[in-house]
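In what follows, every chain begins at residue 1, and chains take the letters A, B, ... in the order their sequences are listed.
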Protein chains: 2
Amino acid sequence: MKNKIKIARVSMDLTQQQLADKVGVTRQTISLIEKGKYNPSLKLCLQICYTVNKTLDELFWLEREEWRNGKN
Amino acid sequence: MKNKIKIARVSMDLTQQQLADKVGVTRQTISLIEKGKYNPSLKLCLQICYTVNKTLDELFWLEREEWRNGKN
DNA sequence: ATATAATGTAATATATATGTTACATTTATG
DNA sequence: CATAAATGTAACATATATATTACATTATAT
């Protein structure tokens with residue numbers, strides 16, 4: 001589950017911990033999502049978007065192709 | 001968790017069951033998501049997007065405001 | 001008006017996201 | 001180099017998404 005959270009996060013000058021706190025989740029959860037090892041809930045995706053000022057498409061969109069190539 | 005799945009689905013002439021099948025999920029899951037009673041996973045959101053030819057933002061985006069007004 | 005398909009929804013079971021704790025590794029900073 | 005901060009990751013616990021089964025209600029068609 002690839003995504004662009006890390007780029008958005010560091011460009012906001014946030015640490016995983018800080019993002020986690022703002023979003024109300026654990027640092028580990030952020031870490032695993034950034035690493036593409038988690039399949040986050042829509043709710044969490046939205047909260048991350050709000051915190052780093054991005055939209056769902058900007059952070060999480062994947063074309064069918066890249067989708068199928070990933071592990072899922 | 002409001003969304004625009006139903007509109008997209010019927011405009012594709014799909015029943016909940018058909019969408020569910022295409023997406024590999026249960027009809028009940030689709031029903032509950034449409035009704036805003038579920039917090040679907042990103043993976044499922046993407047699969048729905050692909051099936052109804054919409055993007056994440058088109059189907060699932062919510063501004064912070066509407067967000068806070070919802071139950072969550 | 002009656003049958004049939006589509007949808008809402010509840011109860012219980014299962015799978016999986018997330019929390020907690022803990023430690024290892026990497027990256028920054030003195 | 002040394003120390004601290006940031007990040008990766010594992011084991012187990014808990015919360016919650018989704019499946020399953022089943023039935024009720026609403027829409028559609030005959």
Intermediate values then yes/no, side chain to side chain contact (heavy atoms under 4.5 Å, CB included), I5(B) and V52(B): CA-CA 8 Å; I5(B) 299 177; V52(B) 301; 5.7 Å; no

Steps toward ring pair (Phe, Tyr, Trp, His ring centres under 6.0 Å) verdict (W61(A), F60(B)): CA-CA 12 Å; W61(A) 182 255; F60(B) 300 102; over 10 Å; no

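Between the side chain of T29(B) and the backbone N or O of V25(B) there is no donor-acceptor pair closer than 3.5 Å. Judged by distance alone, the side chain of N39(B) and the main-chain N or O of S41(A) form no donor-acceptor pair under 3.5 Å. Remark: side-chain polar atoms of S31(A) are not paired, donor with acceptor, to backbone N or O of R27(A) under 3.5 angstrom.
L42(A) places none of its side-chain heavy atoms less than 4.5 Å from the side chain of L42(B). The side-chain heavy atoms of C45(A) and L56(A), taken from C-beta on, include a pair separated by under 4.5 Å.
Residues L44(A) and M12(A) share a hydrophobic cluster, clusters being chains of Ile/Leu/Val/Met/Phe/Trp/Tyr side chains in contact below 4.5 Å.
Here dA17(D) presents its C1' atom at 14 Å from CG of L42(B), a figure rounded to the nearest Å. When rounded to the nearest whole Å, the span between NZ of K37(B) and C1' of dT9(C) equals 7 Å. To the nearest angstrom, P of dG8(D) lies 13 Å from CD1 of I33(A). In this entry the distance linking CG of N39(B) with C1' of dA17(C) reads 10 Å, nearest Å. Between L44(A) atom CG and dT16(D) atom C1' there is a gap of 13 Å when expressed in whole angstrom units. E34(A) places its CD atom 9 Å from the C1' atom of dT7(D), with the value rounded to the nearest Å. Note: CD1 (I48(A)) to P (dA17(C)) measures 14 Å, nearest angstrom.
Phosphate proximity of dG8(D) to S31(A): present, with a side-chain N or O under 4.0 Å from OP1 or OP2.
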Protein-to-nucleotide contact annotation, 5' to 3' order, nucleotides 20-30 of chain C [B base; S sugar-phosphate only; - none; under 4.0 Å, heavy atom]: BBB--------

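Note that CG of N3(A) is 11.5 Å distant from NZ of K35(A), once rounded to the nearest 0.5 Å. Here L46(B) contributes atom CG and E63(A) contributes atom CD; the two are 10.0 Å apart, rounded to the nearest 0.5 Å.
Scanning residues 50-61 of chain A for heavy-atom distances under 4.0 Å to DNA chain D yields an empty list. Interface residues of residues 5-12 of chain B facing DNA chain D, ordered by number: none; criterion, heavy-atom separation under 4.0 Å. DNA chain C lies under 4.0 Å from at least one heavy atom of each of the following residues of residues 14-22 of chain B: T15(B), Q16(B).
Residue pairs meeting the salt bridge (Lys or Arg N to Asp or Glu O under 4.0 Å) criterion with at least one partner in residues 50-61 of chain A, sequence neighbours excluded, are absent.
The shortest heavy-atom contact between P40(B) and I33(B) is CB-CD1, 3.7 Å.
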Side-chain donor/acceptor pairs under 3.5 Å, residues 14-21 of chain B, sequence neighbours excluded:
{"unit_1": "Q16(B)", "atom_1": "NE2", "unit_2": "E34(B)", "atom_2": "OE1", "d": "3.1"}
{"unit_1": "Q18(B)", "atom_1": "OE1", "unit_2": "T15(B)", "atom_2": "N", "d": "2.8"}

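Between K35(B) and S41(B), the residue anchored nearer the 5' end of DNA chain C, judged by the nucleotide with its closest heavy atom, is K35(B).
Counting non-hydrogen atoms under 4.0 angstrom, L32(A) reaches nothing in the nucleic acid.
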